[in-house]
Protein chains: 2
Amino acid sequence: MSLPHAILTALVEKPSSGLELTRRFDKSIGYFWSATHQQIYRELGKLEAEGFIRTLPSEQPARGQKKSYEVLPAGRAELARWTAASQDPRPHRDTLLLRMRAAAVVGTEGIEDDLRRHLALHRRQLAEYEEIEKRDFPPGKDSSQDRLRHLVLQAGIDLETFWTQWLTRALEEFAELPGHETA
Amino acid sequence: MSLPHAILTALVEKPSSGLELTRRFDKSIGYFWSATHQQIYRELGKLEAEGFIRTLPSEQPARGQKKSYEVLPAGRAELARWTAASQDPRPHRDTLLLRMRAAAVVGTEGIEDDLRRHLALHRRQLAEYEEIEKRDFPPGKDSSQDRLRHLVLQAGIDLETFWTQWLTRALEEFAELPGHETA
DNA sequence: CCAGGTTGTGCAACTAGTTGCATAAATGTC
DNA sequence: GACATTTATGCAACTAGTTGCACAACCTGG
């Protein structure tokens with residue numbers, strides 16, 4: 001299971017409260033491991049109970065009161081252990097490909113608009129990644145940390161590039177299908 | 001939710017028993033929507049209760065006795081409805097990218113072997129897809145159905161190609177990192 | 001000074017997916 | 001014909017993730 005480790009990583013990078021983590025999961029970390037605020041609060045509770053993190057001393061705990069966490073040595077050790085441990089790739093699920101396959105047997109009626117919508121979303125995401133690359137990884141920034149982080153971003157860029165290309169191609173094929181309406 | 005629709009698609013393609021479906025989910029459909037046999041049996045029960053599928057008449061139902069299902073008109077209609085309905089891409093989770101990001105803060109100790117292992121797995125999968133392409137989509141087979149199915153397979157090929165290239169590049173970067181052991 | 005929005009934390013219930021195990025029939029084998 | 005293996009169906013319990021809602025504190029304008 002990966003959510004606790006995603007949180008530990010985020011907290012090692014910078015101690016944060018639940019809401020700050022939620023926001024960071026909406027970008028950055030969330031690009032390849034999403035989580036809702038409820039998952040995050042629940043997990044923070046568990047991680048604290050296990051002695052992997054603790055609340056920053058300064059703040060007094062009260063409901064509706066900001067509560068920041070930092071990673072303890074045990075948490076860092078657990079993160080290192082998990083990172084080094086061998087793991088099988090998890091089976092991969094993609095609704096759009098499934099729908100394409102269904103469309104092959106029940107007809108393509110209606111799916112085309114959604115392909116266009118997905119194409120727009122992936123183009124937007126790609127542009128966002130390229131923006132981040134320009135901002136955070138100018139030439140010359142190449143400490144070990146920077147290189148690893150750049151590699152991760154590169155994976156995001158390549159995946160979005162794949163989707164835009166594949167969707168473009170799919171839409172071209174659709175245009176050539178018999179019975180297709182040409183505007 | 002997509003599992004019932006994955007099952008409907010598989011059953012429209014060919015009526016099957018639970019175990020046959022399980023086997024088909026281990027390849028083909030399972031390449032982009034995996035499921036265990038327990039998920040499948042549970043879902044078959046629900047789909048039957050909802051009137052989307054029925055057991056093939058000939059067979060008598062008994063535990064340990066093969067029981068095949070076919071799709072009813074209502075099931076086909078539901079599949080068509082679902083296929084055409086607009087859906088947001090589901091957030092995407094990747095443990096390996098998460099571990100790379102963790103490695104940037106806790107060190108790359110130990111992760112390299114696993115990258116190599118993943119590279120081998122993705123190469124194998126890519127080879128398998130290319131085999132299927134050669135077998136099932138020789139030039140000239142291009143009915144609408146074939147073209148759509150080929151498109152789906154192409155996505156699989158492109159994704160595995162991406163992973164092999166990205167992992168190769170990641171391993172090259174690792175080799176250049178300071179403190180890296182060169183054999 | 002209080003009504004309404006924003007920020008922040010959190011519980012409870014639900015849906016989806018996984019793991020482990022039980023059971024029954026058919027088939028091969030000594 | 002007893003025994004092990006394979007084929008096939010299925011239940012129960014668990015883990016992971018989502019959705020809907022409640023609640024407290026703070027901040028801001030009339």
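FYI, side chains are in, hydrogens and waters are out, and symmetry mates aren't considered; it's all heavy atoms of this structure. Quick note on labels: first sequence line is chain A, next is B, and so on, each numbered from 1.
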Whole angstroms only, please: what is the CZ-C1' distance between B/Arg93 and C/dG17? 12 Å

Check: A/Ser86/B/Arg117 side-chain N/O donor and acceptor closer than 3.5 Å: yes

Any donor-acceptor N/O pair under 3.5 Å between C/dT18 base and B/Arg42 side chain: yes

Which comes earlier along DNA chain D counting from the 5' end, the contact point of B/Pro91 or that of B/Gly18, where each point is its nearest nucleotide? B/Gly18

Can you tell me how far P of D/dC23 sits from NZ of A/Lys67, to the nearest Å? 18 Å

Could you give the CD1-to-P distance, from B/Ile7 to D/dT9, as a whole number of Å? 13 Å

Taking atom CZ of A/Arg169 as the centre, does the number of heavy atoms from other residues, nucleotides or ligands within less than 6.0 Å exceed 12? no

Is it the case that D/dG10 (base atoms only) and B/Gln38 (side chain only) share a donor and an acceptor within less than 3.5 Å, ignoring hydrogens and angles? yes

In whole angstrom, what separates A/Leu3's CG from C/dA16's P? 20 Å

Does C/dG17 have OP1 or OP2 under 4.0 Å away from a side-chain N or O of A/Arg90? no

Has B/Glu109 got more than 12 heavy atoms of other residues, nucleotides or ligands less than 6.0 Å from its CD? no

Can you say whether the rings of A/His122 and A/His118 are parallel (under 30°), tilted (30 to 60°) or perpendicular (over 60°)? tilted

According to the interplanar angle, ranging from 0 to 90°, do the rings of B/Tyr129 and B/Tyr31 count as parallel (below 30°), tilted (30 to 60°) or perpendicular (above 60°)? perpendicular

Side chain of B/Trp33, heavy atoms from C-beta onward: which of C/dG10, D/dG17, C/dG17 has the nearest atom to it? C/dG17

Within this structure, what is the CE-to-P distance between A/Met1 and D/dC14, rounded to whole angstrom? 18 Å

Spacing between A/Ile40 atom CD1 and D/dT18 atom C1', to the nearest angstrom: 13 Å

Of D/dA8, D/dG17, C/dT9, the nucleotide closest to the side chain of A/Tyr41 is C/dT9

Considering heavy-atom distances to DNA chain D, does B/Arg23 or A/Gln39 have its closest nucleotide positioned more toward the 5' end? B/Arg23

Take atom CG of B/Leu19 and atom C1' of C/dA24, then tell me their distance rounded to the nearest Å. 14 Å

Between D/dG10 and B/His37, counting only base atoms on the nucleotide and side-chain atoms on the residue, is there a donor-acceptor pair under 3.5 Å? yes

Using a heavy-atom cut-off of 4.0 Å across all strands, would you classify A/Thr22 as base, sugar-phosphate, or nothing? nothing

Taking CG from A/Leu44 and C1' from C/dC11, how many angstroms apart are they, rounded to a whole number? 15 Å

Of all the nucleotides listed (C/dG17, C/dT7, D/dT18), which has the minimum atom distance to the side chain of A/Thr36? D/dT18

